Amino acid sequence: MTEVMQTPRIKRMTAAPAWGESDAQPDGHVPPGPIHEKWQKHRFAMKLLNPANRRKYTVVVVGSGLAGGGAAAALGELGYNVKCFCYQDSPRRAHSIAAQGGINAAKNYRNDGDSVYRLFYDTVKGGDFRAREANVHRLAELSLNIIDQCVAVGVPFAREYGGLLDTRSFGGAQVARTFYARGQTGQQLLLGVYQALERQIERGAVTMYGRHEMLDLVLVDGVARGVVARDLVTGAIEPHAADAVVLCTGGYGNVYNLSTYARGANATAVWRAHKRGALFANPCFVQIHPTCIPVKGDYQSKLTLMSESVRNDGRCWVPVKPGDTRAPGAIPEAERDYYLERMYPSFGNLAPRDIASRAAKRVCDEGRGVGPGGLGVYLDLGDAIRRLGEDVIRARYGNLMEMYEDITGENPYRVPMRIFPAVHYTMGGLWVDYNLMSNVPGLFVGGEANFSDHGANRLGASALMQGLADGYFVLPATVPDYLARAGSVPLSTDHPAFRTATAEVEDRARRLLGIHGSRTVSAFHRDLGKLMWDHCGMARHDAGLREALARIPELREAFWRDVRVPGEGGELNQELEKAGRVADFLELAELIVTDALHRTESCGGHFREESQTPEGEALRDDAHFSYVAAWRHNADGPPVLLKEPLVFENVPLAVRSYK
Amino acid sequence: MNLTLKVWRQEGPQAPGRFETYAARDIEADMSFLEMLDIVNEGIILAGGDPIAFDHDCREGICGMCGLVIDGLAHGPRQCTTCQLYMRNFRDGDTITVEPWRVRAFPVVKDLVVDRGALDRIIAAGGYVSAGTGSAPDANGTLIPKPDADAAFDAAVCIGCGACAAACPNGSAMLFTAAKVSHLSHLPQGQPERYARVVRMVERMDEEGFGGCTNHGECAGVCPAKIDMGVIARLNRDLLVATLKGGG
């Protein structure tokens, strides 16, 4: 970045809290030239390393999902010495596996008018003009190669009777560009990545560290040179030196406790990197997915998604009359409000996620929600079953239907499903440039962990696309370019930077174990989640955000005073793992709320009640907020805001309408 | 409802294990089995004890991380993952026995957590297509008949939980291994390595200490991904051909 260090201007708002601002602008290093030539020209300008020299370089990859696993396998294939870490017992369990619906690619196999440019356009627009154009165009270009690569490694995508690949349509698009493998697309893509990774592990090119958790990033002379990780089985805290560090550790949605994330999904790797100097971009851009199974009780540990693909055939509705408690079958057609079709006639039930979520919230706020507490809407497949037959619906969504029935005890072929929005994805993440390198040299960030491609709202079937684009193609090009320029500088883990970081990690574990308080880690996590959902959820306003900013530090203080973490550090201790993660959520939550407070416009998943059109739609403020908010950690005071301006040379800024 | 749990506790791989009894009170029918264990664990922690260690992650039935033997059945009575087993399948007053997978190739790490690294090593032995990143032809360049793609998919849905081995009287991982062999052998991309793959994967399975398959079928009876025994027949056929071809 073109960092000219300046004294942060501390901006006092009308009341506490405050944040600092810096005039330094992070440099996205976007290559010059027409948008469709940038990536190819940039690739040619990259430095290459002789195959014989590559094994002298060690790359640490944290995370083994589509981005991390893909990058680790591809870098191993190229000849680099790779160490890959995941907290699960096997790399095959990374949460990419849970993605249901599909993966976008601009193949235009349907001849329905799709193109790289249209996918690029839809993604920039879908992100409500808060993504960097050049990154998004590269994503759309690479989407073509991704599908080829997946088929080559044996991903069993859905096919037509002629043997060609099948596609379907997804939210925010009017073309059918989504490739899928029944309702388990993420699983099949991840297994393709995992198998390639296991092949490299067998060859000795990749060393896999399962049941290991990265607990700190190690910088030497301002450059990322390794990590400190805890072996979750023995409790040993170990340093690992590297020539570059790649974080592909997923999103931070579990700040909200209840979400569609895996229970173990956490922000520790990115938060530790942030505290070591990496900028955190757009943390308030959190996606709340419209179609999840509603919350049932306080004991609940997890919200389960019903793939957006179900909206292809399902119709969302609520009763016209508030307080209508009749069974859905007893409500005649004329007394049903198919609200998405009514409000957004051209996209109907396939309106983008942020818009569909807010529409559900609105009809529930009007007292027309269904199910316990009125927090639900119907997703009704009845018409599709009558039109196509139960067998067709079973073939398309069979596993989802079974899952719904297992969880709710209701048969969705007979009774309309009840759904409600839930936290699902985070568009924000560590700030990266065009090369997916953070402002810390040698620290790369891929997949959901970075902020780069989805702006303020991610379109359906784009997460898998981005994970694989970063993992298969971008990082295996940009990381070697960095290594070739940086050169091989030997480093031992005896270096003081490793000793200091290791000692700090050990000290933190000791402190957590020594509190012996009266409340469990989970109790604090539930409190934080409720606070965030209530004040920084689907709709946000100044007073609520300020209240959250006041209460989060109190909760954090209570945590460090009163949490109970049983057991010892030198053993498998799942409560200690959770405690470290929740401690980091308690810090990150404050940054999320600060970002939400500072961005007084509405855009994408970030809806500020103060900024809406007369019809209640999100109202962007391009004059003041057409930038990436990149936050710098400040140990001695409030976080400092840096702005990377967003320039739209190809997709004209426009009001995002799906009506 | 109120339940009594008899849970296997074991401090480490070499430590002797034992059953301990816990009361699970005020459990609701809509809770998942793992949410019930969460509540029991919170009680243990607040009472000053050591919570029960168990593996879990996605809690939506797809990651394959969870796996408990419940009343003698891998994943319990419903042929689904443990995380997708709901308490409405139990009755007030029931006593439930909870154990880890008991397979020689899966050493216990702690309590209900086992080491399933052997499954990864079976995949590493050959459960892949050797197609380096970036080398792929156009995805529609090779037609795949829908029945073949569907058959490949039906085998590819294995979640790698290891319930098949836990249910098998021989502690065999045959259903797991055969699922991957079958997935790739149904696809044109899997043909070049088809016979070498099956030989290497079966050899690795033996080396890891899994038992042999004698077609009991217990594996398919507990498989949460509903993998069919037919994959084992396909593996045996491919293995026979590989042997006739001279070891693949």
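Basis for what follows: all heavy atoms, side chains included, without hydrogens, waters or symmetry-related copies. Note that this is a predicted model, so its numbers are computed, not measured. Labels below follow one simple rule: chain letters A, B, ... track the order of the sequence lines, proteins then strands, and each chain is numbered from 1.
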If we ignore hydrogens and angles and just use 3.5 Å, is the side chain of [X] paired with the main-chain N or O of [Y] as donor and acceptor?
X       : Y       : result
H183(B) : G154(A) : yes
D148(A) : A136(B) : no
K146(B) : E160(A) : no
Q189(B) : A152(A) : no
Q187(A) : I62(B)  : no
Q188(A) : F153(B) : no

Do [X] and [Y] touch side chain to side chain, with heavy atoms closer than 4.5 Å?
X       : Y       : value
D138(B) : K107(A) : yes
R199(A) : I123(B) : no
M31(B)  : Q300(A) : no
Y86(B)  : I407(A) : yes
D38(B)  : Y299(A) : no
E575(A) : P51(B)  : yes
L164(A) : L143(B) : yes

Between [X] and chain B, which part of the residue has a heavy atom less than 4.5 Å away: side chain, backbone, both or neither?
X       : answer
Q100(A) : side chain
I201(A) : neither
E77(A)  : side chain
T304(A) : side chain

Pairing of [X] and [Y] as salt bridge, 4.0 angstrom limit:
X       : Y       : value
R204(B) : E202(A) : yes
R78(B)  : D406(A) : yes
E410(A) : R88(B)  : no
R92(A)  : D120(B) : no
K302(A) : D57(B)  : no

Checking V113(B) against chain A: side chain, backbone, both or neither under 4.5 Å from a heavy atom?
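For V113(B), side-chain heavy atoms alone lie under 4.5 Å from chain A.
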The interface call for T142(B) against chain A, heavy-atom contacts under 4.5 Å, is backbone
Atom [atom1] of [X] with >12 non-hydrogen neighbours under 6.0 angstrom:
X       : atom1 : answer
R102(B) : CZ    : yes
E11(B)  : CD    : no
D92(B)  : CG    : yes

Restricting to non-hydrogen atoms, name the atom on S522(A) and the atom on E42(B) that form the minimum distance, rounded to 0.1 Å.
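Nearest pair, atom of S522(A) first, then E42(B): CB-OE2, 3.6 Å.
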Highest number of heavy-atom pairs under 4.5 Å with chain A: which of [options]?
options                            : result
D111(B), L46(B), I39(B), D150(B)   : L46(B)
P145(B), G117(B), G127(B), A152(B) : G127(B)
C83(B), C58(B), G61(B)             : C58(B)

Option that, when pairs with chain B are counted at under 4.5 Å, heavy atom only, ranks first among [options]:
options                            : result
F473(A), Y472(A), Y109(A), Y161(A) : Y109(A)
M208(A), K296(A), H516(A)          : K296(A)
N145(A), L144(A), D89(A)           : D89(A)

Answer yes if the side chains of R59(B) and S301(A) hold a donor-acceptor pair under 3.5 Å, and no otherwise.
yes
From CA spacing to verdict: side-chain contact (heavy atoms from CB on, under 4.5 Å), Q574(A), K110(B)
CA-CA 11 Å; Q574(A) 295 174 320; K110(B) 183 180 177 185; over 6 Å; no
Checking salt bridge (charged side-chain N to carboxylate O under 4.0 Å, His left out) for the pair D115(B)/R211(A): CA distance, chi angles, key distance, verdict?
CA-CA 10 Å; D115(B) 176 356; R211(A) 293 200 200 269; over 6 Å; no
